[in-house]
Amino acid sequence: MRNRTIFLCGILFIAWLAFPALTVPLTAPCNVEYIRNIEKHYPPTWPKLSSWRDLLHTGTYDQITRVLQSRILPRRLLIGAKKNLEFHLLREPRLAGVDRGSDGWLFLRETYDRSWESPERARHALDLCDAFLTRGTRPRTALRLMIAPSKYTIYPELMSKTSAALAKRYAWYHRTLASRWSRPGTPEQIELWSAYRQARTETSDLLFFPKDTHHTPLGAMVMLRTLTKSLDPGLWREEDVRTGEEFGWEGDLAGYAGVVLPQDRYRRRSIVRPGLTLLGHDRPAPPEDEWGPVERFRFTSRDRPLWPGRTLIAHDSMLKEYRTDLAQFFADVTFLHYKDLIGDGRFLSTFETYDTVILEIGERYAVDILERLFQPLAPVRPAARISPAELGLPSDRVRVLEQNEARLVLETLVPEVVLRLPARDLDPRRSYLLELNVHAAQGTWCRLYLHRFTPGGGSVLQVEDKVLWRGPNRAYFYLTHETLGYPPELVLSQPNRYQLGPFSLIPLEEVDRPADPAPVRVWTTTWRSRVQAPAIPAEVCGNSETELHPAPGRLWIESRGADPQVFLSGLPAGAGSRLDVELVLWSSRETLLQLFYQSPDEPGYSEARSLSRSLVPGENRLTFRLPATAARRPMRLDPACHPGWYGITGLTFGPTRTHSGDRDDRVSLTLPAAASRPVPSTWLAEALGNSQVRLDLQGDRLQCLALGDDPSLLLPSLERSEPGPLRLKFRIEAPTETLGQVFFQTAPGQVFRENNSRRFSLHVGPNSVSVDLPSAAGLYPLRLDPGCHPGVYTVQEFAVSGADTDAP
Amino acid sequence: MVFSSLIFIFCFLPLVLLGYFLAPRNLRNTVLLVSGLVFYLWGAGEVVLVLLVSIAGSWGCGAWALRAAERNRPVEKAWAIGLGAALNLGILFFYKYAAFLISQFFAGLHWIVPSLALPSVPEILLPIGVSFFTFQSLSYILDVAWGRVTVRPGPVEFAMYIAMFPQLVAGPIVRYGDIKDQLSDRPTTWENFCLGAVRFSYGLAKKVLIADTVAVITDQAFGVTTTPGPALAWLGLLSFTLQVYFDFSGYSDMALGLGRMFGFRLPENFNRPFAAVSVTDFWRRWHITLSSWFRDYVYIPLGGSRTTSLRTYRNLLIVFLLVGFWHGANWTFLCFGLYHGLWMVWERIRHRRLPEDFQHPLAHRALTFLVVMLGMVWFRARTLPHALGYFQALAAAAGPGDGLPEIPRLNWLCLAVGSLAVFLPGRICFGRWLEEARSGWAAPARLALLTVGFGLSVMFLISNDFKSFIYFQF
């Protein structure tokens, strides 16, 4: 008997060990799908070994472990089994942030446990909103805010006791919002709480899905009715609401908790307003954002009223599914997800182009969103930087397209990708702002983890969330000097494409502020002073990557590599405690400039005695504040970290401005603008490819490896000062007979459309292409689709001719 | 790589088992050696070179010492022994203690001369299991020195003794003399394999189902941002005590099970430590191979207990300070050692050492558990102030603090099951019973372990890896 059971144990053990390997064909695809859909991860890929040393690197084995673990097991089955065991057998009241209520209802705890919020922050956000409206320059634009209530505020009696107690603790949040909303005046608000509560008394049907955070079709109709009636009571007619077939709904909360629950069935509802004529429906071609494209509907009607003028509806997830229903009440309405708006105080420009702006915001994120939309622009005073090249990246979770001193372009393949910033020794007398410059392909959010270690050995974790809007973002994180003693971590929340510039550290609150500088002897040097006697000439030379081209009124610096350096010597001595250096510099591209100075104690150049500034294409006016002792020493100017052309048109040295602004003893000189601008030779280097393209710049040739039949390149705008006809010439080598296309924009932010494009046909081998573009083209980015077949395309000899731009 | 990982259970172990049992007998040690190195490489990367240096150095010095002994050259032998010991102690010191000692030295300097600018101490990556493999090498060198080992082992045999993956990174600390016969000849039978599998599954269940689950509670109490109140402090301490026990003893069970699958009988490392009725008794049952190592190589050479009482107390304190320091380079571990050393001295003064000395064993068992549990504060605390603060919280002297957090029912259940280990009769050692019992209960217990226990463990392992996406915030 003993031997038999022992024998059986051995067989069982072997069966367990072999089971996953034997079922790989069955489980691997299901696991991969599970990871993609439920866990929102990108299945890890096998590591790439570039040398034998990789075999000694633990990262290689971690990667292999992840690959194998994600594929060899029936994850879905096992995870589901455990979650269901906890949920059904142990009657777990909470799973993964989902609370169990009564009658099978589930609630998302985050909606009533935002413990990181504070009443001050809520009030601040609301004040920002009010202040924004008073700054508005176009008062006829009406802003209407609609806070979408959280489920628990409408069905509080279905919460568990624990949840109800928590909700009570954070009831101030709801009260703060509601009290602001009950105040008359702008912005007008669309009050939904009372509408939902009223609807509950009128019907026994559910307004919210029990296992989901969103409202049912009936709840949506209540929202639409309230919204339209708040605009014009005559817009809404109950008979326009049509009831459709039943559908099953599993609920996002069930999936979030990881449990399998029976589906509930609901009846679809939609709006059909007869007598409307659709004049236009603009909708960009796929791929779309997860939260829907920017979409515009234009309707007209003889007998049904429509809300007049241009309306913008920036919505959250509650209205997302009901765009077509809601659109029928408006003459001209544009829908977008609110994350596609421009944040960081630049919302005003969007706001002013519409007659009515309606913001639908989920209650739980109202404060966050209001703050991001309406906060004024922060000051820009960069002092030191953390270069993108220094960031630590999880190689298996991101695809790095470019990483250098000036920028990091990457695609995150999974949610919650953690980038590790280097630690910095900061001045203990100051506090700092960490400035994050990031361009996001889609709106999303990021989070910064800052660890602050206290002298007693404890540690405080500071977590900062920031919304990232589609396009360029500038976000600020407040730091104290001890915070950067430990590497902070930046969490990028969603799979997305990002371009990160250098992180600037902006010093604030200097404790031991030096006294106002004493008057100093003033001197000035410019390159024009080489020919004009009064100024003291400086001696200039460049390193091997730099060629200097003096020209009237300007010193051209041609950078042939990524590390151009210009050495300035023969500079006379200054005096006083501080010295300002003002530099006017024309840059051919977005890059980073760094000025190195020396101190008498420590000759030589070091990062510690340098100041950095970001450069944008075109003219940049920069001011550096240096210790006065720096002036008597040679300096080094690294104008960029890219190849390209950079032109210095003015360089002024002088003492620090006094508080009175008295600068009589300074001589500043700005040289006349150049007669013509060179077209940047690195224009092609700034091209961005879509997911079907891999780009490789070889000298002045751009090689595009098209992986699919829709390769596409985004080219930056040309240096054009004003509109005019434009001819684009280039040579392109095609792998097959195909058709290319150039898209252009005539307004900023415009979608690339067929009617704003020019096609050209290509045959195998080299082709010369000449495309005439209309007046405004080139002021904004261009899109080049080199062909519609996979293969290698080589683009070179790009030439632009037009009214104000000569061919290079 | 750890035993309680999916990659080990479902990839590494099946491949090694296949390789081992398909290989001819004379190549089996080589298979185990290679698999041990791969196992180490997987988790430690290039640090595997340190392991190889330790193996090569110890084997070379041992061989040199043995040859010197054969030729009756005591000075040469002493050089060889000294070199071998210095090599292993040097590795241990450099990787484990150097950074700590330098930083403490700098802190002292800074305290004396606050304006002194001191360089930052470089971070040294601690090789996994360095304390274990250096101690094994050291035991071999010392056994050679004291004439307990007289025959030079083959290089593969010796390397396999150090790098055998079942005991490489977390023990048990096996002495060469205890295993030398098995290195050359061992019974690899089907029965051994099956019983090893049972023991492995038992260890896996202890580690995954109990230790990892109660760790959630521990982390709540000892978290960086937590200021625990008395209830949370006591609950956290209980859960940590259980976590440490189930984690380490589970790992030892897995090691013993794996060893048995390959025909080895490794020494037991735990023997129901919470059934101990005194701290002395506790150390006879807890991490047995470590305490016996210190007993044989430090305590007895210092004179042990066959000397004056004062010297005995001194010896005890030295040994336990070293035991504490062995656990980690931190003042908290020194305090842990000192705490236990002082209790041992106290018990020796009171002549209360062995179970038979006690009239009320249950009361003493409870008292010992309390003493051991309180000692775990030193073990878990990050710093001395943290430990002192935690003691204050236990004594309700640090203000109300954080109350009991919301703990999932599953974790409560696992804590309750784990607590049974404290209350079970002392004579029951379930791990050994599973291997040796012939009673009617043993068969269903083994089968249940291999079906339910193993299945649940895998389910928990994969679920721990699962992180439901953070609900998208917009």
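Everything quoted here is computed from the prediction, not taken from an experiment.
- Neither the backbone nor the side chain of A/Leu89 comes within less than 4.5 Å of any heavy atom in chain B.
- Neither the backbone nor the side chain of B/Leu449 comes within contact range of chain A; no heavy atom of the residue lies under 4.5 Å from a heavy atom of that chain.
- Between A/Leu17 and B/Ile9, the closest heavy-atom pair is CD2-O, 3.3 Å.
- Relative ring orientation between A/Tyr61 and B/Trp42 is described as tilted, the plane-to-plane angle lying within the 30° to 60° band.
- Here the shortest heavy-atom pairing between B/Val48 and A/Leu56 reads CG1-CD2, 4.2 Å.
- For a residue to count as touching a neighbouring chain, one of its non-hydrogen atoms must lie under 4.5 Å from one of that chain's; by this rule B/Ser201 touches chain A with the side chain only.
- Residues satisfying the salt bridge (charged side-chain N to carboxylate O under 4.0 Å, His left out) test with B/Asp212, not counting sequence neighbours, are B/Lys207.
- Taking every heavy atom of both residues into account, B/Arg446 and A/Ile6 meet most closely at NH1-CG1, 4.1 Å.
- A distance of 7.5 Å separates CD of A/Glu92 from CG of B/Asn411, quoted to the nearest 0.5 Å.
- Neither the backbone nor the side chain of A/Ala21 comes within less than 4.5 Å of any heavy atom in chain B.
- The heavy-atom pair separating B/Leu450 from A/Phe13 by the smallest distance is CD2-CD1, 3.8 Å.
- Taking CG of A/Leu55 as the reference point, atom CG of B/Leu41 lies at 7.5 Å (rounded to 0.5 Å).
- Nearest heavy atoms, B/Arg409 versus A/Arg91: NH1-O, 2.8 Å.
- Neither the backbone nor the side chain of B/Leu384 comes within contact range of chain A; no heavy atom of the residue lies under 4.5 Å from a heavy atom of that chain.
- Every residue meeting the salt bridge (charged side-chain N to carboxylate O under 4.0 Å, His left out) condition with B/Arg260, not counting sequence neighbours, appears here in chain and number order: B/Glu435.
- Proximity to chain A (any heavy atom under 4.5 Å) is restricted, for B/Phe193, to the side chain, taken from C-beta onward.
- Between A/Gly10 and B/Cys194, the shortest heavy-atom distance links the atoms CA-SG, 3.5 Å.
- Residue B/Phe8: no heavy atom, backbone or side chain, is found under 4.5 Å from chain A.
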